[in-house]
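Structure first, then comments.
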Amino acid sequence: MPSEVTISLPPNFSFRHTVGSHGWYDLPPFEYSPSRPEMTYVFMPAAGRPPVSVSVKLVRRRLVVTYSADPAENGRVAKGIRHILRLDEPLDEFYRLISSDPQLGWASTAGAGRLLRSENVWEDLVKTICTTNCSWALTKKMVSNLVQKLGEPAADGRKAFPTPRAMADVEADFYRNEIRAGYRSPYLAELAQAVSSGQLDPETWLTSELPTAELRKQLKKVKGVGDYAADNLLKLLGRYDGGLALDSWVRSQFYKKHNRGKACEDKKVIRFYEKFGRWRALAVWCDITEHWFNQDVSRSA
DNA sequence: GCGTCCAGGTCTACC
DNA sequence: GGTAGACCTGGACGC
């Protein structure tokens, strides 16, 4: 008999805009199909307990989370889902700022703007490194390999993202030959060692009181994390006042939408979103992903 | 089927 | 601080 926990939602929350906010839903241990609005995820083993595989569905403006584990896991599961879907993130100021904006008003109407994230910063950090300098297909391959080859299975057989310890237990050659991480292999091995040994604790970035520019410097100290990766991580940490996380795809979308298809310097992109102040990185993302949700921009859960 | 070229960010060495 | 070249993979392309 599966356990179940129900989670109430903030008024401006959209399930599909949050889960589908960026590509994370397409990477294990997430599973999601827009045509079947149910998200599954596997929480890592914790405190000697095995991974927990959860299924999340929207039922009458509430999230119903079912999982095959002891009901004593209710607290952890509910807290984890709130974190992943950013249910406690205050976006009222952002929505007020964009509500009358011709480009972004749709996002406040739709309840978009919450960017899906993993249960912890460690997982987001490794996945972000796997997005750099390669196609999305290769990112999927690397992350799938990590989960399949180093992740621990939950009761239903689905595997969690590997822990720092599990990743520290293998050599750089394993990442090169088995994960197909290429030149990122020594970066992943070094990162896993640092986190596993306690030398680096990415979770502290969530509550860091450092100014965003300083925190960005900290992130860039991790090998494999450059400008784009640091800015992407800052967004997942809830900091939207860093850089704009401009990669080739974001740039090409901007050129199409705002520059008659012609390439331009990043300075022009930055100027375009300046008016959104400390929300600029979130504004960029909402703007260039608008077409993903064009079929229905109502707050349809 | 094979070889070549290219795109994709980051690192390091160098200026 | 800015720049060039290397890193590695997989897809596209030509033969």
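By convention in this document, chain letters (A, B, ...) are assigned in the order of the sequence lines, proteins followed by strands, and residues within each chain are numbered from 1.
The aromatic rings of A:Y240 and A:W279 lie parallel to each other, with less than 30° between the two planes, well short of the 60° mark. Aromatic ring orientation, A:W285 versus A:W292: perpendicular (interplanar angle above 60°, classes split at 30° and 60°). Using cut-offs of 30° and 60° on the angle between ring planes, the pair A:H17 and A:W106 is tilted. Ring geometry for A:F13 against A:F15 counts as tilted: the plane angle lies between 30° and 60°, on a 0 to 90° scale. Classification of the A:Y41-A:F43 ring pair by plane angle, with boundaries at 30° and 60°, yields perpendicular.
Put simply, CD on A:Q253 is 12 Å from P on B:dG8, counting in whole angstrom units. With rounding to whole Å, A:E190 atom CD is found 16 Å from B:dT10 atom P. The NZ-P distance, from A:K220 to C:dG1, rounds to 10 Å in whole Å. The OH-P distance, from A:Y175 to C:dT9, rounds to 16 Å in whole Å. Atoms CH2 (A:W136) and C1' (C:dT9) sit 16 Å apart, rounded to a whole Å. Rounded to an integer number of Å, the gap from OH of A:Y187 to P of B:dG9 is 15 Å. Following rounding to the nearest Å, A:L219 (CG) and B:dG9 (C1') show an atom-to-atom distance of 16 Å. Nucleotide B:dG9 holds its P atom 12 Å from the CE atom of A:M142, rounded to whole Å.
A donor-acceptor pair is defined here as one N or O able to donate and one able to accept, closer than 3.5 Å; such a pair exists between the side chain of A:S99 and the backbone of A:R96.
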Check: Under the side-chain hydrogen bond (donor to acceptor under 3.5 Å, both in side chains) criterion, do A:Y183 and A:N133 qualify, and how do the steps go?
Finding: CA-CA 10 Å; A:Y183 70 92; A:N133 200 22; 3.2 Å; yes

Could you write out each protein N or O paired with an N or O of nucleotides 12-15 of chain B at a distance under 3.5 Å?
none

Write down the protein N/O and nucleotide N/O pairs, taken from nucleotides 6-8 of chain C, whose separation is under 3.5 Å; answer none if there are no such pairs.
residue, atom, partner, partner atom, Å
C:dC8, OP1, A:R176, NH1, 2.7

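Looking at A:R76 and A:E119, a side-chain N of the basic residue comes within less than 4.0 Å of a carboxylate O on the acidic one, giving a salt bridge.
Each of A:R280, A:K256, A:K275, A:K257 was checked for a salt bridge (Lys or Arg N to Asp or Glu O under 4.0 Å) with A:D287, and the lone residue meeting it is A:K257.
For the pair A:S248 and B:dG9, the criterion of a side-chain N or O lying under 4.0 Å from OP1 or OP2 is met.
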